[in-house]
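Scroll down for the structure; my scribbles are underneath it.
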Amino acid sequence: MSRDEPCIRIDPLTLRSMDTNLSSLSPQFSTTALSAEARALYQAEPDARIRLLQGLRPHICPFGDVMAQIPAGASVLDVGCGAGLFLLLLGRQAHIRDGLGFDVSVPAVEAAQRAAETSGLAETLTFQVRSIEEGMPEGHWNVVTSVDVLHHVPVSQQRSFVESLCERVPRGGRLVIKDMVARPRWRAWANQMHDLVMARQWVHQVGPEEVDGWIQAKGLSRVYRSRINSWWYGHWTLVYDRAS
Ligand SMILES: C[S@@+](CC[C@H](N)C(=O)[O-])C[C@H]1O[C@@H](n2cnc3c(N)ncnc32)[C@H](O)[C@@H]1O
């Protein structure tokens with residue numbers, strides 16, 4: 001969102017309006033606050049493209065809505081972390097205890113590591129070059145997150161990817177998955193054009209209804225869902241807990 005204007009959320013599973021507005025989020029999760037923090041986090045980044053895009057990203061992606069789903073003091077595994085913005089924002093606000101992010105992109109992970117070091121977060125946040133195809137890393141995290149990664153995964157591997165996220169969630173733990181809408185088609189196309197230009201990749205959005213079925217079949221219980229539009233982009237978020 002370009003400003004913290006009210007935003008109608010449509011429940012993706014029932015298509016009911018949830019009449020929620022983003023400005024009801026705690027101030028530290030507001031778009032304005034997160035964008036300012038993103039700019040500060042990457043101010044020493046030598047790659048101007050990464051510096052610019054990370055500063056803009058909170059305006060395109062409703063990070064505040066997703067961050068609000070992370071329990072305070074959590075230990076977080078962020079799958080497909082890109083330049084690390086999600087963990088860095090959580091770390092900067094001292095909202096989490098620690099985190100590991102991994103991504104297949106070497107320049108993105110190097111930028112994440114630089115930002116962690118210059119922001120004094122290198123003790124608590126670790127970033128690794130790793131691909132989803134290598135499987136999930138070993139470790140003890142009580143929250144597993146994946147933000148805007150699923151549509152980059154080939155269709156034939158999307159379900160097994162989501163299942164691998166579920167399998168990494170321990171008893172009492174949480175899964176937070178956010179992605180881009182498949183419907184309405186024009187919003188999916190807007191994202192398709194974005195990724196053709198920015199990632200030079202033909203992507204495959206999948207609807208939250210289908211993903212919800214995959215996750216519930218793995219024994220996790222849904223605790224939150226949202227559907228938010230920002231500019232011409234459409235976003236969905238699903239959150240699940242595994243019983244203790
Ligand atoms: C839209 S970006 C999102 C980055 C980050 N999660 C964020 O929200 O800023 C998608 C990321 O998924 C990563 N990705 C795509 N395919 C991957 C794979 N097979 N293994 C690991 N990362 C992958 C890309 O490198 C890219 O950084």
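Worth saying up front: this structure is predicted, and the values here are computed from it rather than measured. Both ligands and their constituent atoms are indexed starting at 1 by order of listing. Along the sequence shown, residues are numbered consecutively beginning with 1.
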**Prompt:** Just checking, is any N or O donor in the side chain of His151 or Asp195 under 3.5 Å from an acceptor N or O on the other one?
**Reply:** yes

**Asked** Arg187 versus Asn191: any side-chain heavy-atom pair under 4.5 Å?
**Response** no

**Asked** Does Ser30 use its side chain to pair, donor to acceptor, with the backbone of Pro27 at less than 3.5 Å?
**Response** yes

Are any protein N/O atoms closer than 3.5 Å to the N/O atoms of ligand 1? If there are, list each pair with names and the distance to one decimal place.
residue, atom, partner, partner atom, Å
ligand 1, 6 (N), Gly80, O, 2.7
ligand 1, 6 (N), Val147, O, 2.9
ligand 1, 8 (O), Arg57, NE, 3.4
ligand 1, 8 (O), Arg57, NH2, 2.8
ligand 1, 9 (O), Arg57, NE, 2.8
ligand 1, 19 (N), Glu133, OE1, 3.0
ligand 1, 19 (N), Glu133, OE2, 3.3
ligand 1, 20 (N), Ile132, N, 2.9
ligand 1, 22 (N), Val104, N, 3.4
ligand 1, 25 (O), Asp103, OD1, 2.6
ligand 1, 27 (O), Asp103, OD1, 3.3
ligand 1, 27 (O), Asp103, OD2, 2.7

**Prompt:** Between atom CD1 of Ile96 and atom CG of Leu125, what is the distance when rounded to the nearest 0.5 Å?
**Reply:** 5.5 Å

**Message:** As an exercise, state the distance from CE of Met136 to OG of Ser164, rounded to the nearest 0.5 Å.
**Reply:** 3.5 Å

**Centroid-centroid distance, Phe29 to His95, less than 6.0 Å** = yes

